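Keep in mind that what you see is a predicted model, and the values were worked out from it rather than measured. All chains are named by letter (A, B, ...) in the order of the sequence lines, taking the proteins before the strands, and each is independently numbered beginning at 1.
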There are 2 protein chains.
Amino acid sequence: MKKTVLVFALLILALLLLFQIGKYATLTNNLRFEIVIAVIAVVFFFVGVYINKKGLHKNINNKQEIDHQKIKALEITDREYEVLERISEGLSNKEIGEKLFVSESTIKTHVSNLLSKLNAKRRTQAVQIAKDLQILE
Amino acid sequence: MKKTVLVFALLILALLLLFQIGKYATLTNNLRFEIVIAVIAVVFFFVGVYINKKGLHKNINNKQEIDHQKIKALEITDREYEVLERISEGLSNKEIGEKLFVSESTIKTHVSNLLSKLNAKRRTQAVQIAKDLQILE
DNA sequence: ATGTATTTGGTACTTTAGTATGAGCCTTAA
DNA sequence: TTAAGGCTCATACTAAAGTACCAAATACAT
């Protein structure tokens, strides 16, 4: 919010400055009228592009960022989260074990703990819940 | 592409028109210089906003729209797709059967066919592949 | 140094998931 | 009216997934 105010204050100052420069330049015939108009147009065109992009990016980022605090709040450990990511990639317990260099039994333990922490009955449901909670993309 | 060319052509025409109007108005003292500048600025500000929004919307939509043609290309039937959606919601075969008012056996058949059509070994992998192919959100 | 949490792993078991095969019913196009 | 595709369902089986319980090694803080 403070940023927005600052940006608009600077814009108004820039506008006034361009007014005076343009007026003086044309009156003294140092600059052609068309060029002043063109500069104004280009500048404000890019100002519009810039402001619009900023506003949209906030919405996009909010939908993609993962909530690390919520992971901690659910008491999901680092290792369990790693397993969760692999599950969402469609790997089996055995495959996850191979990727993380541990036994399938270990993965089963992690999965079982994950399911109870996420209140899920199945790994597919765990992925769905995790995405709803913005824990996974 | 044709649209883009048309828009830019109109923009150039508008720019030239504004040039002449502004020049004539100021020379004949019918309009103050500041007002011309302000109009130009406002117009091009919104032009920038508009063009930027159009461009971004295409990218956003491409990431969210599901590719119905690809579904047909993979020979996935309507019923199979319904089952796929339920799988991605985290339901079991039994629960899917209850929701669609058919037996668990039927769902198993659909799932088995789905997996082979998607080249997946597990339902979790099927969901992942489907999302990559923009078949699921 | 003792307690706590994490990670690891095993056994034994139950429950889902998934495959293979066959078959009946319905709709639609040739 | 056949043929084909889609939906349904069953049986019998194998393969994963998931639960419950136990136990040991590590790390880290008080």
Side-chain angles (χ1 to χ4, degrees), chain A residues 66-133 135-136, chain B residues 66-133 135-136:
Chain A
I66 58 179
D67 193 338
H68 295 282
Q69 294 182 336
K70 209 168 283 176
I71 297 175
K72 287 179 185 172
L74 290 168
E75 295 180 295
I76 294 174
T77 67
D78 290 354
R79 206 56 165 169
E80 283 164 1
Y81 185 73
E82 278 188 275
V83 172
L84 179 57
E85 289 178 311
R86 303 295 180 174
I87 290 175
S88 78
E89 291 169 9
L91 301 186
S92 68
N93 289 337
K94 193 181 175 184
E95 289 169 339
I96 297 172
E98 286 165 0
K99 283 224 175 187
L100 301 184
F101 304 107
V102 294
S103 76
E104 189 186 347
S105 298
T106 304
I107 304 301
K108 280 190 177 184
T109 305
H110 288 320
V111 172
S112 204
N113 291 331
L114 258 175
L115 295 184
S116 67
K117 286 176 184 177
L118 287 171
N119 276 315
K121 293 174 185 171
R122 282 163 296 281
R123 47 172 52 214
T124 47
Q125 195 181 12
V127 171
Q128 171 66 18
I129 291 173
K131 287 182 180 177
D132 278 353
L133 295 176
I135 281 176
L136 278 179
Chain B
I66 57 181
D67 193 338
H68 296 282
Q69 293 183 336
K70 209 167 285 179
I71 296 174
K72 286 179 185 171
L74 290 169
E75 295 180 294
I76 294 174
T77 68
D78 290 355
R79 206 55 164 170
E80 285 163 359
Y81 186 74
E82 279 187 275
V83 172
L84 179 58
E85 289 178 312
R86 303 296 179 172
I87 289 175
S88 78
E89 292 169 8
L91 300 185
S92 69
N93 289 336
K94 193 181 176 186
E95 288 170 341
I96 297 172
E98 287 166 0
K99 283 223 172 187
L100 301 183
F101 304 107
V102 295
S103 78
E104 190 187 346
S105 297
T106 305
I107 304 301
K108 280 190 178 185
T109 305
H110 288 320
V111 171
S112 204
N113 291 332
L114 258 174
L115 295 184
S116 67
K117 287 176 182 176
L118 287 171
N119 275 316
K121 293 175 184 172
R122 282 164 295 280
R123 48 173 52 214
T124 47
Q125 197 181 12
V127 171
Q128 172 65 17
I129 291 172
K131 287 182 180 178
D132 278 353
L133 296 175
I135 282 176
L136 277 179

Between atom NE2 in A:H110 and atom C1' in D:dA17, what is the gap in whole Å?
16 Å
Closest to the 5' end of DNA chain D, once A:K108 and B:S105 are matched to their nearest nucleotides, is B:S105
Separation of D:dA20 P from A:L115 CG (nearest whole Å):
11 Å
To the nearest angstrom, the CG-P distance between B:N93 and C:dA17 comes to 5 Å
Separation of C:dT8 atom P from A:L114 atom CG, nearest Å, is 13 Å
So, does B:R122 use its side chain to make a donor-acceptor pair with the main chain of A:G90 at under 3.5 Å?
yes
How about A:L100 and A:R79: do any of their side-chain heavy atoms sit closer than 4.5 Å?
yes
Just the rounded figure in Å: distance from C1' of C:dT7 to CD1 of A:I107.
11 Å
Between B:K121 (NZ) and C:dG18 (P), how many Å, whole number?
13 Å
For the pair made of CG in A:L91 and P in D:dA15, what is the distance, rounded to whole Å?
20 Å
For A:I66 and A:Y81 the tightest heavy-atom approach is CD1-OH, 3.7 Å
Looking across every strand, which nucleic acid part, if any, lies under 4.0 Å from B:T106 by heavy atom: base, sugar-phosphate, or nothing?
base
Without decimals, in angstroms, what is the distance between A:I96 CD1 and C:dT7 C1'?
16 Å
So, B:T106 and B:T109: side-chain donor and acceptor under 3.5 Å apart, yes or no?
no
Distance check: side-chain N/O of B:R79 vs OP1/OP2 of D:dT8, anything under 4.0 Å?
yes
So which one's nearest nucleotide on DNA chain D is more toward 5', B:T124 or B:L100?
B:L100
Under 4.0 Å: is that the gap between some side-chain N or O of A:S112 and OP1 or OP2 of D:dG18?
no
